[in-house]
Each structure stands twice: as C-alpha cells, then as structure tokens.
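Quick caveat, the model's predicted, so the values are computed rather than measured.
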Amino acid sequence: MEVERVQDIASLSKETIPEEFIRSSNEQPALTTVCGTVLEVPVIDLSDPDEEELVKAIVEASSNWGMFQVVNHGIPDETIRKLKEVGQAFFELPQEEKEAYAKPPGSQTIEGYGTKLQKEVQGKRGWVDHLFNKIWPPSQINYQFWPKNPPSYRETNEEYAKHMHGVASKLFRCLSLGLGLEGDEMKAALGGDDLVYLLKINYYPPCPRPDLALGVPAHTDMSTLTILVPNDVQGLQACRDDHWYDVEYIPNALVVHIGDQIEIVSNGKYKSVLHRTTVNKERTRISWPVFLEPPSNLKIGPHPKLINEANPPKFESKLYSEYHASKLNKTPPS
C-alpha cells in the first residue's frame, strides 16, 4: 500500500484537512498556545572564554528549562545556509525521486524518507514528512539513504557533521563539569566516540488549518542531546508551567534540547524538555535536528558517582535499544 505523504495532502487541501490530522481540544494550538508571549529561552555565548561562567549558564538552562540556544558556536553561517539549501532542495524534487529514498516497508532502520515515525494515540498524524540520515561516525553511515540530488547534499552534510563535533564536545564537557564529574565522563557514559549523529530533516508544508493540527505532537527527545537548526518560520513550542509558548527564533543560533538519556545520567538534575511543533498557513517550515544517540547495546542509568544514600537512583538502568523501542511504540518500560 502506497504511503500518503503530507506534502501531497497539503497540495490538495485548500480549506480543510483530513480528520486524522485534527487534534483533540487539549492539543489544538489555537486553544493551548499562550498567545502574544514568545518564550525567551536562555541564549548562551558558546565562545565565552570564562569556562566557569559558561558551565554555570548551561547548568542553569539545563536544570530549569531543558533547552537553550547557543550563539558564537563556531559553525560558519555559510555551512548552515548550505545545509538549509540542500535539505529544502531535496523536498522540492519530484515525488517519484524522493520515494527512491523511502524507508523500506517493515524495515527496522529509521533512516530514509518517510512520514510516520512513532505510534500515535487515536491514530492521529503529524503534519510533517521527514528524511533521516546518520551523518557520524563513518562506520554507521548508509549512503543508500543519502539523496544524490541536489549533487552537493553529501559534501554539505559531511561538512556540517565535522563542525557539529566541536559543538557537541563542548556541550558534553560543560554538562559533565556541572555535575561535578570530570569533563569527559558524561560523554563516556553515553557512548563516547560511538555516539551516533542522526540528522533528521522535518518538512512541514503549509496547512490550511494550523489552528487544529500539529507538525509533531508533544514529546521529549529520547536520545542525549538534540542540536537543531530551524528555518525562519515560527513553529517550535516548549511547555513551561503546563502552558505552551512559541520559542523565539534567532538567526543562525542552534537550539539545544536536553534529551531523556542526559536526564537519566544526571539522575534528574538536568531536565528533558517537553516540546512540540506547530505549522503555518502560508509558509513551509523546515528544521534540521541532529540527535546524538547512544549505541543501541549500551546500558544507561544514573552515573555511579552521583549516587549515594542522600541521592538514590531515580531511574532504572536499561539498554538504549529497549528504551528506544518502548518509547517509539508507546509501550510501558519493562
């Protein structure tokens, strides 16, 4: 059975949207967004030479917000511009050409072009198509799922992955020091050099009823860190004090989300952020998150150095593959 892509549905939808995209009243953006208030999440200058101050800022943001934006991060504006350009160009290809990169039906891989990702309650759907590519380490890359068009796609994404290393390493170091650990201990506990950099391009076409639909429903990211570049179309929302707010867009900043595995390793000191994505009536929103995923066979739990009588473990240790499967399939943890 052919999968119906949201991009196709959008091209046919003029005033209404199919029932499966209409959210229940407790999720509809028009009813649940705090209007007129843009959430100014912490903005952190990653080039601050005072490491102590930098650590303090990242710890505060990760503990109280679960997300922050970084500027002066060292990734050239030109690299980010090209990343956006080639990603957008892929989704503008003829449908037949995009389908050549589709996830094979029944495949266990997450990579490739697709629409449905995780099980949704009540059979609802998000107003989004996506493309997943592992971009690091080289041993994990499967070029079968990397578009050959536009021709500069591969070179651009390899360049971006190279720069992403520096940002990720600095963030892990600061998060580790903020827990009183050695600078390399948090990254080591999450897989070290075997961490997989998984790029996802989210493509949210214009939606005639953005008041009723969501691009991606409320969730926390299951991996360690998410480092995201959006285009300039508003859409990212975060939950703060049980209310939903738009997150301010800052050109060329990177949005950082604390994921579930960092919350677990920190034994709850750092918080995984609950967020979702809205859609736009006139314009296409696109975002480029990179998920830093632990190896699937790695067992992750609170860091032993953080556990004592006064601070017992708040989370059970489990294989990342088990955690991943239960979260995607909405099954209770075993």
Side-chain angles (χ1 to χ4, degrees), residues 1-39 41 67 84 87-95 98-99 102 113-132 200-221 226 228-249 255 257 273-289 328 330:
M1 183 180 126
E2 202 172 310
V3 182
E4 209 177 3
R5 304 299 182 195
V6 175
Q7 207 170 347
D8 288 339
I9 295 166
S11 66
L12 301 170
S13 303
K14 299 300 172 215
E15 290 170 17
T16 59
I17 56 175
E19 180 67 28
E20 66 264 29
F21 292 100
I22 298 175
R23 294 280 156 183
S24 56
S25 57
N26 64 341
E27 282 189 292
Q28 288 174 17
L31 301 177
T32 56
T33 300
V34 177
C35 294
T37 306
V38 172
L39 200 61
V41 304
M67 72 185 305
K84 292 177 173 181
Q88 182 171 339
F90 169 76
F91 282 93
E92 288 170 356
L93 293 173
Q95 194 57 36
K98 291 197 288 274
E99 292 296 346
Y113 172 62
T115 296
K116 194 169 171 10
L117 179 58
Q118 62 185 47
K119 189 175 172 183
E120 271 227 53
V121 287
Q122 302 167 327
K124 293 294 179 190
R125 293 180 63 186
W127 192 264
V128 63
D129 293 325
H130 62 250
L131 176 69
F132 274 106
K200 182 187 185 194
I201 307 177
N202 287 308
Y203 187 90
Y204 310 95
C207 176
R209 294 300 306 270
D211 54 325
L212 301 177
L214 285 172
V216 177
H219 67 288
T220 58
D221 291 341
T226 303
L228 176 143
V229 170
N231 71 353
D232 63 347
V233 178
Q234 184 63 52
L236 178 61
Q237 292 193 331
C239 189
R240 189 95 174 133
D241 305 321
D242 297 324
H243 292 91
W244 288 101
Y245 296 88
D246 289 329
V247 174
E248 183 185 19
Y249 167 73
V255 182
H257 295 166
V273 64
L274 186 65
H275 57 287
R276 70 181 187 183
T277 310
T278 58
V279 289
N280 188 283
K281 190 169 185 174
E282 315 294 340
R283 300 179 62 203
T284 296
R285 182 172 190 269
I286 315 178
S287 67
W288 290 258
L328 270 189
K330 299 277 194 291

message: Return the NE2 to SG distance between H275 and C239, rounded to the nearest 0.5 Å.
response: 11.5 Å
- prompt: With sequence neighbours left out, what residues match E20 under salt bridge (charged side-chain N to carboxylate O under 4.0 Å, His left out)?
  reply: R125
message: Give me each pair satisfying salt bridge (charged side-chain N to carboxylate O under 4.0 Å, His left out) with a member in residues 229-247, each pair once, sequence neighbours excluded.
response: D232-R283
- prompt: D129: what forms a side-chain hydrogen bond (donor to acceptor under 3.5 Å, both in side chains) with it, not counting sequence neighbours?
  reply: T115
- prompt: When you measure from the side chain of Q234 to the backbone N and O of V247, does any donor-acceptor pair fall under 3.5 Å?
  reply: yes
message: For a quick test of reading the model, state the closest non-hydrogen atom pair linking P29 to A213 and the distance between them.
response: CG-O, 3.2 Å
task: Would you please name every residue forming a side-chain contact (heavy atoms from CB on, under 4.5 Å) with N202, sequence neighbours left out?
output: V128, H130, K200, Y204, S287, P289
- request: Keeping the roles fixed (side chain from H257, backbone from V255), state whether a donor-acceptor pair exists under 3.5 Å.
  value: no
query: Is the shortest heavy-atom distance from the side chain of T278 to the side chain of L214 under 4.5 Å?
result: yes
field: Atom pair CG/CG of D221 and L274 - distance to nearest 0.5 Å
entry: 10.0 Å
message: Which residues pass the side-chain contact (heavy atoms from CB on, under 4.5 Å) test with T32, not counting sequence neighbours?
response: W244, R276
field: Which residues share a side-chain contact (heavy atoms from CB on, under 4.5 Å) with E19, sequence neighbours left out
entry: I22, K124
Contacts of Y245 that satisfy ring-ring contact (aromatic ring centres under 6.0 Å, His included) - sequence neighbours left out: none
- prompt: Which residues satisfy the side-chain contact (heavy atoms from CB on, under 4.5 Å) test with E92, sequence neighbours excluded?
  reply: Q88
query: Considering only heavy atoms from C-beta outward, does the side chain of C207 approach that of N280 to under 4.5 Å?
result: no
From Q28, H243, Q237, residue fulfilling side-chain hydrogen bond (donor to acceptor under 3.5 Å, both in side chains) relative to T33: Q237
query: Looking only at heavy atoms, which two atoms of L93 and K98 are closest? And how far apart?
result: O-NZ, 2.9 Å
- prompt: Taking all atoms of both residues into account, what is the closest heavy-atom pair of G87 and I201, and its distance?
  reply: CA-CD1, 3.8 Å
- line: Sorted by chain and residue number, the side-chain hydrogen bond (donor to acceptor under 3.5 Å, both in side chains) partners of S24 (sequence neighbours excluded) come out as N26
field: Taking every non-hydrogen atom, the tightest pair across V6 and P205
entry: CG1-CG, 3.8 Å
query: Any side-chain heavy-atom pair from P208 and I17 closer than 4.5 angstrom?
result: yes
Residue pairs, two or more places apart or on separate chains, that pass salt bridge (charged side-chain N to carboxylate O under 4.0 Å, His left out) and touch residues 202-211: R209-D211
field: L31 to S25 - nearest heavy-atom pair and separation
entry: CD1-O, 3.6 Å
For E282, all residues meeting side-chain hydrogen bond (donor to acceptor under 3.5 Å, both in side chains), sequence neighbours excluded: none
task: Spell out, as yes or no, whether a donor-acceptor pair under 3.5 Å connects the side chain of T277 to the backbone of L236.
output: no
task: Can you measure from CZ (F21) to CD1 (I9) and round to the nearest 0.5 angstrom?
output: 4.0 Å
- prompt: Would you call R285 and P230 a side-chain contact if the rule is heavy atoms closer than 4.5 Å?
  reply: yes
statement: Distance col, row F90:CZ vs I286:CD1, nearest 0.5 angstrom, shows 11.5 Å
message: Once rounded to the nearest 0.5 Å, what's the spacing between atom CH2 of W127 and atom OH of Y203?
response: 12.0 Å
field: R5 to F91 six-membered ring, cation-pi geometry met (6.0 Å, 45°)
entry: no
- line: Note: Y249 and N231 closest approach over all heavy atoms is CE1-O, 3.4 Å
